[in-house]
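Report on the following structure.
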Amino acid sequence: MFDNYSVPQMKHHQSVTRLLIILTGSVFLMELLVMFFLDMLPPMPKMAIFLLDSTLLSTLIFPIFYFLVFRPLLQNITELRQAEDNLRTVSVAFESKDPILITDAHSNILRANKMFLKMTGYSSEEIIGKNPRVLQTGRYSKDFYNKMWEQLLRNGSWVGETRIKDKLGHELPIGMVITAVKNEQQETTHYVAIYNL
């Protein structure tokens, strides 16, 4: 059975293998063409043939390497820099003054920022992997949570006021915004909850 990283690694390995096959095949075909061309020329000294062979081969292969290796590599570097910038921005936003909780699509807590931990008294180890139900006070009916989830699934967000309990069982009145994070296929991958005291 594959873990989370196996499938992307396999796809990456397949694309690198395919690229190597294309490059090797291209070099072979280009060298074959150069050899045919050199064979049609009048006799020349060996050194001139070697120089002409390497010059023609380099000239023919350069565009292939440029479009198949160098250009995609530059694009990947640019995308990685943008992703790093985005991560830095998200990291700063995540550690804002508002308590923030992030769950996966199955509502398992993945991350909680410092303000959330300070507000609830939990440590990261105590809250990560748990369901946010551990914060419920028992004050609200099942119908309240069903309506909240209906709206969240229908609209992609829920905004409202509620109460949660901290680690010691104290109730905290809060405003809360829950937003569904979707991937390119419009499937929910995460939920982000931002709390206001």
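Starting from 1, each residue takes its place in the sequence as its number. The figures here come from the full heavy-atom set of this structure, side chains too, leaving out hydrogens, waters and symmetry mates.
- Annotation: Phe65 is not in aromatic contact with Phe70 [ring centroid separation under 6.0 Å not met].
- Here Leu52 contributes atom CG and Leu41 contributes atom CG; the two are 6.5 Å apart, rounded to the nearest 0.5 Å.
- Note: Leu68 CG to Leu20 CG = 11.0 Å, rounded to the nearest 0.5 Å.
- In this structure, NZ in Lys130 is found 15.0 Å from OG in Ser107, a value given to the nearest 0.5 Å.
- Asn131 contributes a side-chain N or O that, together with a main-chain N or O of Arg133, makes up a donor-acceptor pair within less than 3.5 Å.
- Between Glu171 and Arg163 a salt bridge is recorded (basic side-chain N to carboxylate O distance below 4.0 Å).
- The line from CE of Met176 to CG of Asp98 is 13.5 Å long, rounded to the nearest 0.5 Å.
- Using modelled atom types, one finds a donor on one side chain and an acceptor on the other under 3.5 Å when comparing Thr188 with Lys182.
- A continuous path of Ile, Leu, Val, Met, Phe, Trp and Tyr side chains, each step under 4.5 Å between heavy atoms, connects Phe144 with Tyr195, placing both in one hydrophobic cluster.
- One hydrophobic cluster, built from ILVMFWY side chains closer than 4.5 Å, cannot hold both Leu51 and Val34; they sit in different ones.
- Counted by atom type alone, Glu126 and Ser123 present one or more donor-acceptor pairs between their side chains at under 3.5 Å.
- By the 30° and 60° cut-offs, the orientation of the rings of Tyr145 relative to Tyr140 is perpendicular.
- Using modelled atom types, one side-chain atom of Asn113 and one backbone atom of Ile100 make a donor-acceptor pair closer than 3.5 Å.
- Between the Thr137 side chain and the Arg139 main chain, a donor and an acceptor come within less than 3.5 Å of each other.
- Here Leu117 contributes atom CG and Asp166 contributes atom CG; the two are 12.5 Å apart, rounded to the nearest 0.5 Å.
- To the nearest 0.5 Å, atom CE of residue Met44 and atom NZ of residue Lys46 are 13.0 Å apart.
- Ring centroid separation for the pair Tyr191 and Trp149 comes in under the 6.0 Å cut-off.
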